[in-house]
Amino acid sequence: KSKSSLNQTINNNHQNGIILNKTSNHNGQADNSSKTLEIPGKLKVKNFVWRNIIAFIYLHTAALYGLYLAITSAKIITFLFAYVLAVFGGLGITAGAHRLWAHKSYKAKWPLRLFLMLCQTLAFQNSIYEWVRDHRVHHKFTDTNADPHNAKRGFFFSHIGWLMLRKHPDVKNKGSTIDMTDLESDAFVMFQKKYYLIMMPIITFIIPTMTGCYVLGDSLKNSWYVVAIFRYTISLNFTWLVNSYAHIWGTKPYDKSISPTNTKLVGILAIGEGWHNYHHVFPWDYKTAEVQTYTTNWTLYFINLWAKWGLAYDLKTVSEEIIQKRVLRTGDGSHPCTTENDVQ
Ligand code: ST9
Ligand code: ZN
Ligand code: ZN
């Protein structure tokens with residue numbers, strides 16, 4: 001009996017991010033003898049993206065060499081410059097791509113949006129448009145196959161592995177339901193999207209390296225490995241910790257039923273983005289954390305500064321009363337108000 005033209009493929013049984021394919025013949029009976037279709041997103045060699053795998057191996061090896069040079073031969077000013085760039089690139093992600101564009105937790109006038117767009121380009125984490133689309137999908141479909149960095153697939157996948165593999169089809173299918181019209185009407189976002197492949201290498205690698213050489217007077221080697229490569233690779237890893245570490249280890253004061261956690265370590269390294277349990281419960285809060293974490297929430301200081309100058313406005317936040325109600329209803333008991341009946 002010829003089956004090939006009548007076979008209908010049903011993709012289901014998504015287990016731990018790996019799809020099992022079932023085929024059925026025209027009688028609707030399962031036909032396990034048929035060859036399974038190849039589905040992108042599967043943990044199969046043919047879905048590996050070798051360009052990215054090679055790039056990440058180079059980046060991490062070269063970053064270790066950059067660290068060695070930073071300790072042994074680079075000027076202190078070169079290292080400080082790398083640090084400052086890491087912070088500005090980080091703010092482009094946290095205050096820009098994340099809190100402003102992905103979550104609309106505050107509004108920004110055009111000079112601030114231009115500045116944040118340039119800082120976000122310095123971080124080379126894809127264009128704002130692509131970053132926001134992935135992030136909105138992550139929030140809407142957390143811990144499912146439609147989540148680009150689904151933490152259920154383990155630390156490695158949610159940290160870096162997801163960037164080395166074709167995306168799971170659910171990311172693209174369910175991701176197509178995400179509304180991106182607000183970004184499409186932002187001229188800076190669309191300009192950056194259009195010219196990303198020109199702007200990104202210039203801002204992320206060329207200008208920082210040239211500044212190290214010609215302004216700070218360090219060698220080309222030190223400038224490249226310390227300012228460009230080491231700084232970029234460390235920033236990437238600190239960012240990825242939010243997707244990996246802060247979805248696996250830590251407390252869940254606001255909702256114990258979800259994977260995102262509160263972790264101070266990641267909070268510090270990711271300049272205020274480690275209170276991830278809070279953030280997934282109240283994603284519209286521009287602080288992404290409660291007030292008591294203010295001291296390590298640099299991004300909050302940064303946005304408040306721009307608000308003082310009138311360039312950031314309509315800052316959205318959550319009342320203590322709503323937080324406390326949520327803590328008592330769904331928290332894991334680690335929040336101080338659970339025992340003290342008082343939100344600090
Ligand atoms: C990077 C991003 O590192 C890091 C994000 C971290 C987020 C953390 C969030 C936490 C809060 C913030 C903390 C900040 C802390 C900062 C501290 C700093 C000190 N929805 O992607 P493609 C469709 S990037 C809807 O090519 P493949 C769409 O039609 C690092 N649709 O899929 C698309 O076409 P188009 C550097 C979607 O082929 C088409 O599919 N960059 C969605 O499977 C193809 O999309 C890299 O390493 C969606 N979500 O490839 C490059 N997604 O775009 C990484 C896709 O034309 N990327 N579609 O509309 C790649 O090479 C590829 O994306 C791939 C998948 C190989 C991963
Ligand atoms: Zn998350
Ligand atoms: Zn978010």
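Both counts, for ligands and for their atoms, begin at 1 and track the order of listing.
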Describe, in one word, how the ring planes of Tyr106 and Tyr286 are oriented to each other, choosing from parallel (under 30°), tilted (30 to 60°) and perpendicular (over 60°). perpendicular
For the residue pair Phe56 and Trp240, does the interplanar ring angle fall in the parallel (under 30°), tilted (30 to 60°) or perpendicular (over 60°) class? perpendicular
Check: [X] ring centroid to [Y] ring centroid under 6.0 Å:
X      : Y      : result
His247 : His159 : no
Tyr195 : Phe191 : yes
Tyr68  : Tyr225 : no
Tyr313 : Trp306 : no
His149 : His135 : no
Phe188 : Trp101 : no

If you check every N/O/S atom of His276, which is the one nearest the Zn ion (ligand 2)? NE2
With salt bridge (Lys or Arg N to Asp or Glu O under 4.0 Å) as the rule and sequence neighbours excluded, what pairs involving residues 257-275 come up? Arg99-Glu273
With sequence neighbours excluded, tell me which residues meet salt bridge (Lys or Arg N to Asp or Glu O under 4.0 Å) with Asp314. Lys107
Under a 4.0 Å heavy-atom cut-off, which residues neighbour ligand 1? Val49, Arg51, Asn52, Phe56, Gly90, Ile93, Thr94, His98, Phe124, Gln125, Asn126, Glu130, Trp131, Arg133, Asp134, His135, Val137, Trp162, Leu163, Leu165, Arg166, Lys167, Val171, Lys172, Gly175, Ser176, Tyr232, Leu236, Thr239, Trp240, Val242, Asn243, Leu269, Ala270, Glu273
N, O or S atoms of the protein lying under 2.8 Å from the Zn ion (ligand 3): His98 NE2, His103 NE2, His135 NE2, His139 NE2, His279 NE2
